[in-house]
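Okay, so here's the structure we're looking at.
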Amino acid sequence: MKAAIIGGTGYSSVELVRLLHQHPFVDVTTIISNSQAGSMLHETYPHVTCVVEQTLQSLDLNKLSQSVEIVFLATPSGVSKSIVPGLMENGVKCIDLSGDFRLRSAQSYEEWYKHTAADERYLAKATYGLSEIYEEQIKSATLIANPGCYPTATLLGLMPVIKNKLIDNKTIIIDAKSGVSGAGRSVSMGTHFAEVNENLKAYKIGAHQHIPEIEQTLQNETGQSQAITFTTHLVPMTRGIMCTMHANLSDVITTSDVLQLYNEFYQAHHFVRVRPEGTFPSTKEVLGSNFCDIGLHVDARTGRLTIISVIDNLVKGASGQAIQNLNLLNGWDVRTGLLEVPVYP
Ligand SMILES: NC(=O)C1=CN([C@@H]2O[C@H](COP(=O)(O)OP(=O)(O)OC[C@H]3O[C@@H](n4cnc5c(N)ncnc54)[C@H](OP(=O)(O)O)[C@@H]3O)[C@@H](O)[C@H]2O)C=CC1
Ligand SMILES: CC(=O)N[C@@H](CCC(=O)OP(=O)(O)O)C(=O)O
């Protein structure tokens, strides 16, 4: 299958290039770059020299529609909403890694992302691509809204207890931490070395654009709207997300019972690994891979459940999950092209 990537010199794009290089059924024939068209990808990223030798192209929607079957959009929010309709009208399926098609409500998108929302007709066509949870819907999608990195770790961590009504949803608190590649490649005041190195800081408190995405998905499952507490922190490392979640249990239950539930819930899902009792995942244990690792503990003294969920933000949090969704879309084994062993140490 011929594929294109838009947002060519961004981090998620080059991660798609890395992962798709090993995909037996996909050929990335076109990489579109807004800023570097005409140059070779290796001029921006010397690490791909002699492995992926491609000239970056400028965007020509008609040419693109005729030459590929699938387009990955790895552009900042606010960009894909103007590109996707033209591709879809020509029968090209799209997987959007940005937030442009994740929120069903245009009003909510405009409130949280501070951009004009996509056309509502296209918002209605989008399928939320949280692979493990919406497998069936993804299989027949034409436009996949790939989830945000934090929502992926958070929702995979919470879903078994949400679906089994084991926690009081009003009490959910999510303490989230990310490596700096989560902010993309462009330089900003908040993410340059001297600001981040040997530093730990909370950001976008009460204003993070992933809050409505998590709430929308929880509401989808429970039928009720419930606000969550979600706090993001920037950690001085390159890749990795850890979400530590707390909630009051609605019943008296042991750690071992909750773990059994998680093991059963994710039994058929290769990319979610549940840790044995008393052990908890760290970000390095999923580095470079499409795994989401989960550990949990019931505190009998407080009646609260703590869940720890880790992912690599650029793989399971972006490009890896996008490929997992492409696999679902095509009826291929979800693991195709994604059998990377995490890089350790
Ligand atoms: N980084 C992460 O961990 C995750 C990122 N995402 C989302 O994926 C998308 C891409 O993220 P990421 O790769 O980190 O971002 P980057 O900033 O690293 O890359 C985005 C790329 O898009 C292109 N671009 C920038 N501005 C425009 C524009 N106005 N019009 C067209 N193209 C433009 C640029 O490449 P060029 O000039 O070559 O076209 C740029 O390098 C974002 O929406 C992000 O929120 C989602 C989950 C995780
Ligand atoms: C570390 C860091 O800054 N991370 C980014 C995640 C960006 C992202 O994935 O946002 P959308 O996909 O919703 O655009 C952030 O917190 O905004």
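Below, each value reflects all heavy atoms present in this structure, side chains not excepted, and no hydrogens, waters or symmetry copies. When a ligand or atom number is given, it counts from 1 through the structure's own listing order.
Considering CH2 of W332 and CD1 of I323, their distance stands at 10.5 Å, rounded to 0.5 Å. Here the OH atom belonging to Y344 is positioned 5.5 Å from the OG atom belonging to S282, to the nearest 0.5 angstrom.
By the 4.0 Å heavy-atom criterion, C149 is counted among the residues contacting ligand 2. Under a 4.0 Å heavy-atom criterion, T232 is not in contact with ligand 2. For G179, the closest heavy-atom approach to ligand 2 falls below 4.0 Å.
Considering both main-chain and side-chain atoms, L234 never comes within under 3.5 Å of ligand 2 through any nitrogen or oxygen pair. Checked by distance only, ligand 2 and Y203 come closer than 3.5 Å through their nitrogen or oxygen atoms.
Looking at H208, R102, K204, E213 and measuring to atom 16 (O) of ligand 2, the nearest heavy atom belongs to H208. The closest heavy-atom contact to atom 14 (O) of ligand 2, among the options Y113, W112, Y150, comes from Y113.
When heavy-atom distances to ligand 1 are checked against a 4.0 Å cut-off, A183 has no atom that comes that close, whether in backbone or side chain. Proximity of T9 to ligand 1, defined as any heavy-atom pair under 4.0 Å, is shared by backbone and side chain alike. Residue contacts with ligand 2 for S178 involve side-chain atoms from C-beta outward but no N, CA, C or O (heavy atoms, distance under 4.0 Å).
Clustering ILVMFWY residues whenever any of their side-chain heavy atoms sit less than 4.5 angstrom apart, transitively, puts V48 in the very cluster that holds F72.
For atom 6 (C) of ligand 2, the nearest non-hydrogen atom of the protein is G182 O, 3.4 Å. When hydrogens are left out, the protein atom nearest atom 10 (C) of ligand 1 is A74 O, 3.4 Å; that is the closest non-hydrogen contact.
For atom 45 (O) of ligand 1, no protein heavy-atom neighbour is present inside the 4.0 Å cut-off.
A salt bridge between K2 and D27 is absent, with no side-chain N of the basic residue lying under 4.0 Å from a carboxylate O of the acidic one.
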